[in-house]
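The sequence lines fix the lettering, A, B, ..., with proteins before strands; numbering per chain opens at 1.
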Number of protein chains: 2
Amino acid sequence: MVMYNPFVVRAATTTDAFNAVAEPRRREILDLLASGERPVGELVRRLGMSQPLVSKHLRVLREVGAVQVRGEGRRRLYRLNAQALKPVHDWVRGYERFWAQRFDRMDDVLEELKREEEGDGSDG
Amino acid sequence: MVMYNPFVVRAATTTDAFNAVAEPRRREILDLLASGERPVGELVRRLGMSQPLVSKHLRVLREVGAVQVRGEGRRRLYRLNAQALKPVHDWVRGYERFWAQRFDRMDDVLEELKREEEGDGSDG
DNA sequence: ATTATACATAACCATATGGTTATATATCAA
DNA sequence: TTGATATATAACCATATGGTTATGTATAAT
């Protein structure tokens, strides 16, 4: 009879690449930085979010290493550090075979289609 | 002078594959289901989490389509539906080139190593 | 020295989240 | 019918999160 401690220190969730990337606006930021180093102000303008919000998201991204900063005058230039996203890539790549498989095994494809047609009927 | 509405209906965050996958225990569940259909009880035993918690996570996974259920007697058999993870795969794949590049451009590799050595020094 | 710009932080708020315990519901066994 | 098993839900709680409006801090411009 295992006891499940309540409220035990919850592992901070924003502290890994998966969570950093879970937030759509952060993905937007990364997508923008993918084309090159950018100052905060430009992100603000191009993404249409408030400056503090952009800064907050950038902080999260910085903390997981997905971006790096460099000060230039009064501006801060952020650049992508894609290495930090590799864990996500690696993990999800493990599932590649599942959608590749569909083209290998015809009967699975048919089963799949049949199921999709029926709907899963599992809600409620 | 754009006004940023406060507290405008926040897009439910658990409602897409990215967020479903951001939670480590949900990844564990998926990883387990990758090897085949499993009843809830087995997930509970193998993962050592409480039954209600597993059910809750399964619900989230179900809602984003990452798993599907099938009732068999009093048990509910869950199986992976990896298709739902494809958006994550597709997105992160866009960044592949960044770590592939490291082997193409030697000077970038060296720069990268130097930076890693120094730490990013961007905190505070 | 003063003002303006660019950005980061702080303080705050409503809501979402992960977890718990207790309970309801459906099936199987006696 | 009664009881046990398997799972889902409800109710609840502490904390994390995304967002806001100030405000602080460093650099540039006057």
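- Contact annotation for A:Pro39: backbone-only contact, meaning every heavy-atom pair under 4.0 Å involves sugar-phosphate atoms and none involves a base.
- In the set D:dG19, C:dG19, C:dT9, D:dG19 carries the atom at the smallest distance from any side-chain atom of A:Lys56.
- At a cut-off of 3.5 angstrom, the base of C:dA6 holds no donor-acceptor pair with the side chain of A:Gln51.
- Closest approach to the A:Arg74 side chain among D:dT9, C:dT5, C:dA8 is made by C:dT5 (side chain taken as heavy atoms from C-beta onward).
- As rounded to whole Å, 6 Å separates atom P of D:dT9 from atom CZ of B:Arg62.
- Across the protein-nucleic acid pair, A:Glu72 atom CD and C:dA8 atom C1' stand 18 Å apart, rounded to whole Å.
- Listed nucleotides: C:dT20, D:dT27, C:dC7. Nearest to the side chain of A:Ser55: C:dC7.
- Note on A:Arg59: a side-chain N or O is less than 4.0 Å away from OP1 or OP2 of C:dT9.
- Residue A:Tyr78 is tested with A:Leu61, A:Val40, A:Val54, A:Leu32 for a side-chain contact (heavy atoms from CB on, under 4.5 Å); the sole match is A:Val40.
- For B:Val40, the side-chain atoms get nearest to D:dA8 when compared with the rest of C:dA8, D:dA8, C:dG19.
- Between C:dG19 and B:Arg25, a contact under 4.0 Å exists linking OP1 or OP2 to a side-chain N or O.
- A straight line from CZ of B:Arg70 to P of D:dA6 spans 17 Å, rounded to a whole angstrom.
- Contact annotation: B:Arg26 side-chain N/O to C:dG18 OP1/OP2 distance is under 4.0 Å.
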